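Reviewing the structure listed below.
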Number of protein chains: 2
Amino acid sequence: MNSQKKLEQFIQHGYKDYLPNVSIDCTIFGYHDRKLKVLLLNWKTPEGWSLPGGRVKRNESLQLSASRILSERTGLEEIFLNQFHTFGDSVFRQQRFKHTKALSKFNVDFGEDNWLLDRTLSIGFYALVDYSLVNPQPDLFTEECRWWDIYDVPGLLFDHNEMIEKALATLRHQMYYEPIGYNLLPEKFTLPEIHDLYETILEKTLDRRNFPKKLISLGIIKKLKERKNIGPHRAPFLYRFDKRNYDKALKDGLSLSF
Amino acid sequence: MNSQKKLEQFIQHGYKDYLPNVSIDCTIFGYHDRKLKVLLLNWKTPEGWSLPGGRVKRNESLQLSASRILSERTGLEEIFLNQFHTFGDSVFRQQRFKHTKALSKFNVDFGEDNWLLDRTLSIGFYALVDYSLVNPQPDLFTEECRWWDIYDVPGLLFDHNEMIEKALATLRHQMYYEPIGYNLLPEKFTLPEIHDLYETILEKTLDRRNFPKKLISLGIIKKLKERKNIGPHRAPFLYRFDKRNYDKALKDGLSLSF
DNA sequence: ACAAAAGTGTTGTCTTTACACCCATGG
DNA sequence: CCATGGGTGTAAAGACAACACTTTTGT
């Protein structure tokens, strides 16, 4: 089946395989060059950028669905994925979708009462991924998929700006009682790197000496014997997460002061 | 329209007014006699206890819907209500509902493909209410509505036990960075009362002298000149929440140690 | 030798915890 | 006058915040 046929099939008969009235949208955070990034898609029609999202298959769990959607856009499996809120209160989400004309580019007959145009709640997940491992892929509905700096995000379709806000707020909050970083950083990283990551996300300067103390004393990160070559400067030591203590902290929670 | 007619109308044509495939369930916490309570409904059929829940009207926000459901069962308006998770992963929630026979008590023809029997995600809210103000009301589907001690909750229908667990975990977590109590206690309360409330929910003994210090120093509770008469013992002072500081703390967050 | 970034420890302050005796009331 | 629960302060320990000079490396 070619793309156009697949698209047509999905638009006209998708409700047989997918739940109507519900979608999933993922805020996918990456970190690169001291900037927090988010992965966005550019729609063919209606024109505009949005979060990557999708529908829930009728025989699929929400977690699996989100993880499928994410893997389709990034190529990654088994990444950190967290359900944070279900959106149904904004004006966009209390009525039917009205852009039947705007959808004409697809050359598929939607029809007034197409299932995709009905009121749709969206279950929001956020993901933390290693920027360097992602190969952004657009889908049938979209022309382009790429990273945006979190502070340059354009006006998005629907309530997606609100979703990113809430995802970010949740992430920030979470950083105080769970370790993060395992999914955003390469396996081996330096203290300045993780320090910058925390400063970037929290938008706050953190003491260069005090910051790592806690993580080290909790056993969450371990110093390696290797150093990273960073050109014309002193080579910093590499560290890595101690997965055992990290997971324990994730599970039991902790309280970071910063 | 009488009850039976209403029921029939809802079962057979409800999908015109309500979103299919989605419901809302509320974990309503109350506090009485040093025990944390939760409000449960006893279904006519399938027999068993469950959380109070309902469907989302097509033109209604989720928040409003939850608050309507809650007010129908408790008679209360404007109470603390928090969306905490959307459930769709348990086996019950990945398939159609199979108990067509079990539904026969209603004397309404459901039919194999009734909208109510399709896979249903549930958006979980939890509420904190003043036990003494609640007048539990069953609905068309249920015989009885009453409080259960949180540790005596019976096996519930579907994944509702899991929901209560998660609601409680969320509540406990929340207590460390937001004040609670305003919605669970009467307007005026004593230090032993709020102390017991916290101990009960957190399942932890809290120092009788240290505990109130924080709340008082943050300005969240204020001492009144009145005392409460508790019979044959020294009359304890009454306190009340300072709504200004309380709401500020709710909004900005705080960090309680306990 | 210089510029740029990394590495490292101590001290003062604040927060948290632990703890015990006296007081008020009703029966 | 006794039983029960309420009220109150201080000191020690631990956590946190502030802070500056030296080392490494490449050009």
Side-chain angles (χ1 to χ4, degrees), chain A residues 33-35 175-177 179 181 185-186 188-200 202-240 249 252-258, chain B residues 33-35 175-177 179 181 185-186 188-200 202-240 249 252-258:
Chain A
D33 196 19
R34 304 196 176 190
K35 295 270 166 47
M175 290 177 75
Y176 288 99
Y177 62 90
L185 291 171
K188 296 172 181 181
F189 53 87
T190 67
L191 285 190
E193 281 168 355
I194 193 172
H195 178 237
D196 285 342
L197 171 66
Y198 271 73
E199 285 198 338
T200 301
L202 294 175
E203 280 192 292
K204 206 193 239 197
T205 58
L206 303 172
D207 187 273
R208 223 171 87 231
R209 278 172 281 190
N210 293 334
F211 168 75
K213 273 181 202 163
K214 194 89 174 239
L215 294 180
I216 292 169
S217 74
L218 288 166
I220 286 173
I221 61 174
K222 296 275 190 228
K223 191 175 186 170
L224 302 177
K225 298 231 167 74
E226 308 163 66
R227 293 160 182 269
K228 179 173 184 179
N229 190 322
I230 54 160
H233 307 298
R234 181 173 185 168
F237 279 100
L238 286 165
Y239 285 72
R240 82 165 141 229
D252 302 348
L254 43 77
S255 165
L256 297 167
S257 43
F258 301 149
Chain B
D33 196 20
R34 303 196 179 192
K35 294 271 167 45
M175 290 176 76
Y176 288 100
Y177 61 90
L185 291 171
K188 296 173 181 181
F189 53 88
T190 67
L191 285 189
E193 280 167 356
I194 192 171
H195 178 237
D196 284 342
L197 171 66
Y198 272 74
E199 285 197 338
T200 301
L202 293 176
E203 278 192 293
K204 206 193 240 196
T205 58
L206 303 172
D207 188 274
R208 220 171 91 233
R209 278 173 281 190
N210 294 334
F211 168 76
K213 274 182 201 163
K214 194 87 173 242
L215 295 180
I216 291 168
S217 74
L218 288 165
I220 286 173
I221 61 175
K222 297 274 190 226
K223 192 175 189 171
L224 302 176
K225 300 233 166 70
E226 307 162 66
R227 293 161 182 268
K228 179 173 183 178
N229 190 323
I230 54 161
H233 307 298
R234 180 173 186 168
F237 279 99
L238 285 165
Y239 285 71
R240 80 164 144 228
D252 302 348
L254 44 77
S255 166
L256 297 168
S257 42
F258 302 147

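As a basis for the values below, the full set of heavy atoms in this structure was taken, side chains included, without hydrogen atoms, waters or symmetry mates. As the structure is a prediction and not an experimental result, all values here were calculated from the model. Throughout, a chain's letter reflects where its sequence line sits, starting with A, and its residues are numbered from 1.
Applying the side chain to side chain contact (heavy atoms under 4.5 Å, CB included) test between B/Leu218 and each of B/Ile220, B/Ile221, B/Ile216 identifies B/Ile220 as the sole match.
A/Arg208 contributes a side-chain N or O that forms a donor-acceptor pair with the base of C/dG7 under 3.5 Å. Counting distance only, with no hydrogens placed and no angle test, the side-chain atoms of A/His233 and the base atoms of D/dT25 include no donor-acceptor pair under 3.5 Å. A donor and an acceptor atom never sit less than 3.5 Å apart when one is taken from the side chain of B/Lys223 and the other from the base of D/dT8.
Summarising the local packing, CZ of A/Arg227 is surrounded by more than 12 heavy atoms from other residues, nucleotides or ligands at distances under 6.0 Å.
A straight line from CD1 of B/Ile194 to P of D/dG5 spans 20 Å, rounded to a whole angstrom. Between the CZ atom of B/Phe211 and the C1' atom of C/dA18 there is a distance of 17 Å, rounded to whole Å. Distance, A/Leu191 CG to C/dT8 P: 8 Å, rounded to whole Å. Whole-Å rounding puts the A/Ile216 CD1 to C/dG9 C1' distance at 13 Å. Between the CG atom of A/Leu254 and the P atom of D/dA15 there is a distance of 14 Å, rounded to whole Å. When the P atom of C/dA6 is taken as reference, atom CZ of A/Phe237 falls 13 Å away, rounded to whole Å. Atom OH in B/Tyr239 sits roughly 12 Å away from atom P in D/dG6 (whole-Å rounding). In this structure, A/Leu206 atom CG and D/dA17 atom P are separated by 10 Å, rounded to whole Å.
Between D/dC16 and A/Lys214, a contact under 4.0 Å exists linking OP1 or OP2 to a side-chain N or O.
For A/Pro236, the side-chain atoms get nearest to C/dA6 when compared with the rest of C/dG9, C/dA6, D/dG9. Closest approach to the A/Asn210 side chain among C/dT25, D/dG7, D/dA17 is made by D/dA17 (side chain taken as heavy atoms from C-beta onward). For A/Arg209, taking side-chain heavy atoms from C-beta onward, the closest of the listed nucleotides D/dA20, C/dA18, D/dG6 is D/dA20.
Taking the six-membered ring where tryptophan is involved, the planes of A/Phe211 and A/Phe258 are tilted, since the angle between them lies from 30° to 60°.
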